[in-house]
There are 2 protein chains.
Amino acid sequence: MLAENINYKDVLKKEGMKSTKHRFAILELLEQSESPLTAEQLFIMLRAKTASINLSTVYRTLDTFTSKNLVLKSSRVDDGKVRYELNQHEHKHHLYCVSCHKLISIEECPIGELKQTLKNKIDFEVTGHNLEIYGYCHNCRKVHNNNAQ
Amino acid sequence: MLAENINYKDVLKKEGMKSTKHRFAILELLEQSESPLTAEQLFIMLRAKTASINLSTVYRTLDTFTSKNLVLKSSRVDDGKVRYELNQHEHKHHLYCVSCHKLISIEECPIGELKQTLKNKIDFEVTGHNLEIYGYCHNCRKVHNNNAQ
DNA sequence: GGAGAGAATGCAAATGGAATGCATTTGCAA
DNA sequence: TTGCAAATGCATTCCATTTGCATTCTCTCC
Ligand SMILES: [Mn+2]
Ligand SMILES: [Mn+2]
Ligand SMILES: [Zn+2]
Ligand SMILES: [Zn+2]
């Protein structure tokens, strides 16, 4: 048992889930990843790492994690694929570079005031939100500017 | 030819698209709809209206419209279905009631300041964004409050 | 108005991400 | 250690969307 899995063992137990090597492996990969991963990406990484896991297991595990709120799902119109990331219980959003497809996490969130406005104006009680921002990252802006000269 | 289609005829022509009854019918339905529709929803409505259209045609038409920027695509993690709406060229967002699944359009947008912040802090140039807000609508709040008493 | 060319459509089949039924294995509580 | 429920593997299915190809339709040019 790896040291970094010990805390996850407790987490799983608390949620009434059994501890398995696959689950640890998936949690570990999600933890190390800087951006949300598709089931298939995880599957390929797992094959290289754990050897022998089934894609169904990846999907089922991610579903279970999602239902226990350990993992967050998201989807872009881009490709029809769902992406999964560890729920760090921190509020954040993603910047998506339309040029190099990099995802950048940010902590800024502009919803606060709007939330109050909606409550006052139309009595809508906000419980959550999704914000995705598209544009050009620092690198791609540099490249683009150079080409334009 | 219906009166309301005359302007669309010009729009299609300007985009180099041929004018067909299917395209007019789809544009008309999207125009009348208050919230984004799936290809299948459109298909069913079209069957009732135009009689005889093929689902592939619906998809192909929506794709073409999207590429010409007449139509906007969106997707929620919810069900695996993509939704389409007319591009009204007005900036808006949707409130999604998690209780009654109603979609409410709003014009407020809180991105403005954030845009500048991102430019200054990490040189990210925002070109677009998606914001979806979840919560309880006025009606569902009333019902919920009454039940709780 | 009537060709002719190219675009749009219908139809059937394919694709591909995700879900599922069932037999087998595994984790874990007693 | 044993027994049972949960987890997994494997094959199959599901279902939204896409695609190939034959046919039909639009629109331009005469
Ligand atoms: Mn936020
Ligand atoms: Mn906005
Ligand atoms: Zn970039
Ligand atoms: Zn509601």
Side-chain angles (χ1 to χ4, degrees), chain A residues 1-2 5-6 8-27 36-47 49-68 70-84, chain B residues 1 5-6 8-27 36-47 49-68 70-71 73-84:
Chain A
M1 189 71 52
L2 297 174
N5 292 152
I6 289 176
Y8 279 131
K9 189 164 189 169
D10 294 341
V11 173
L12 294 181
K13 186 164 195 174
K14 184 161 57 179
E15 298 288 352
M17 305 172 67
K18 292 184 176 173
S19 290
T20 71
K21 60 178 177 182
H22 290 330
R23 286 177 173 173
F24 288 136
I26 288 174
L27 287 170
L37 300 172
T38 66
E40 177 128 32
Q41 287 175 316
L42 274 166
F43 175 63
I44 290 167
M45 297 163 85
L46 286 162
R47 279 267 154 122
K49 180 182 176 175
T50 315
S52 170
I53 184 174
N54 195 279
L55 186 54
S56 324
T57 304
V58 179
Y59 277 110
R60 277 192 282 228
T61 302
L62 291 170
D63 267 8
T64 309
F65 285 169
T66 302
S67 73
K68 306 290 187 187
L70 297 182
V71 155
L72 299 175
K73 280 171 85 167
S74 60
S75 73
R76 287 199 300 273
V77 157
D78 231 4
D79 51 8
K81 298 178 190 171
V82 174
R83 283 175 170 75
Y84 302 84
Chain B
M1 191 70 52
N5 293 151
I6 289 175
Y8 279 130
K9 188 163 189 171
D10 293 340
V11 172
L12 295 182
K13 184 163 195 175
K14 185 162 53 178
E15 298 289 351
M17 306 172 66
K18 292 184 175 173
S19 291
T20 71
K21 60 178 177 184
H22 291 330
R23 286 176 173 173
F24 289 137
I26 288 174
L27 287 170
L37 300 172
T38 66
E40 177 128 34
Q41 287 176 318
L42 275 166
F43 175 63
I44 290 168
M45 296 163 85
L46 286 163
R47 277 267 153 124
K49 181 182 173 172
T50 315
S52 170
I53 184 175
N54 195 278
L55 186 53
S56 324
T57 304
V58 178
Y59 276 110
R60 276 192 281 229
T61 303
L62 290 170
D63 267 8
T64 309
F65 284 169
T66 302
S67 74
K68 304 290 187 187
L70 297 182
V71 156
K73 280 172 85 167
S74 60
S75 74
R76 287 197 300 273
V77 157
D78 233 3
D79 51 7
K81 299 177 189 169
V82 174
R83 283 174 171 75
Y84 302 84

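The shown structure was predicted, so the numbers you read here are calculated from the model rather than taken from an experiment. In the text below, chain A, chain B and the rest are named by the order of the sequence lines, each starting its count at 1.
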Interface limits on DNA chain C, where chain B has a heavy atom under 4.0 Å of a nucleotide atom: dG6(C) to dA12(C)
Atom [atom1] of [X] and atom [atom2] of [N]: how far apart are they, to the nearest Å?
| X | N | atom1 | atom2 | result |
| --- | --- | --- | --- | --- |
| Gln41(B) | dA16(D) | CD | P | 11 Å |
| Ile26(A) | dA7(D) | CD1 | C1' | 12 Å |
| Leu42(B) | dT17(D) | CG | C1' | 15 Å |

Looking at every strand, decide which applies to [X] at a 4.0 Å heavy-atom threshold: base, sugar-phosphate, or nothing.
| X | result |
| --- | --- |
| Leu55(A) | nothing |
| Ser52(B) | sugar-phosphate |
| Arg60(B) | base |

Leu42(A) side chain reached by Leu62(A) side chain, heavy atoms, under 4.5 Å: yes
Note, Leu12(B) side chain near Thr20(B) side chain (heavy atom, < 4.5 Å): no
Interatomic spacing from NZ in Lys18(B) to OG1 in Thr64(B) - rounded to 0.5 Å: 13.0 Å
5' precedence on DNA chain D between Arg83(B) and Thr64(A) (nearest-nucleotide basis): Thr64(A)
End axis versus end axis in the helix from dG1(C)-dC30(D) to dA30(C)-dT1(D), the angle rounded to 10°, five pairs used at each terminus: 30°
Under 4.0 Å protein heavy-atom contact, by nucleotide of nucleotides 23-30 of chain D - B base, S sugar-phosphate only: ---BSS--
If the condition is salt bridge (Lys or Arg N to Asp or Glu O under 4.0 Å), which residues does [X] pass it with, not counting sequence neighbours?
| X | answer |
| --- | --- |
| Lys68(A) | none |
| Arg23(A) | none |
| Lys81(A) | none |

Other residues, nucleotides, ligands: >12 heavy atoms within 6.0 Å of Lys49(A) NZ: yes
side-chain hydrogen bond (donor to acceptor under 3.5 Å, both in side chains) involving Asp63(B) - partner list, sequence neighbours excluded: none
Listed partners of Ser56(B) passing side-chain hydrogen bond (donor to acceptor under 3.5 Å, both in side chains), at least two apart: Asn54(B)
With sequence neighbours excluded, residues passing side-chain contact (heavy atoms from CB on, under 4.5 Å) with Leu72(A): Glu85(A), Asn87(A)
Contacts of type side-chain contact (heavy atoms from CB on, under 4.5 Å), residue Tyr59(B), not counting sequence neighbours: Ala39(B), Leu55(B), Tyr84(B)
Ile26(A)/Val71(A) under side-chain contact (heavy atoms from CB on, under 4.5 Å): CA gap, chis, key distance, verdict: CA-CA 11 Å; Ile26(A) 288 174; Val71(A) 155; over 6 Å; no
Sub-3.5 Å pairs of nitrogen or oxygen atoms, protein against nucleotides 12-14 of chain D:
none

Chi angles and distances behind the side-chain contact (heavy atoms from CB on, under 4.5 Å) call for Phe65(B), Glu15(B): CA-CA 10 Å; Phe65(B) 284 169; Glu15(B) 298 289 351; over 6 Å; no
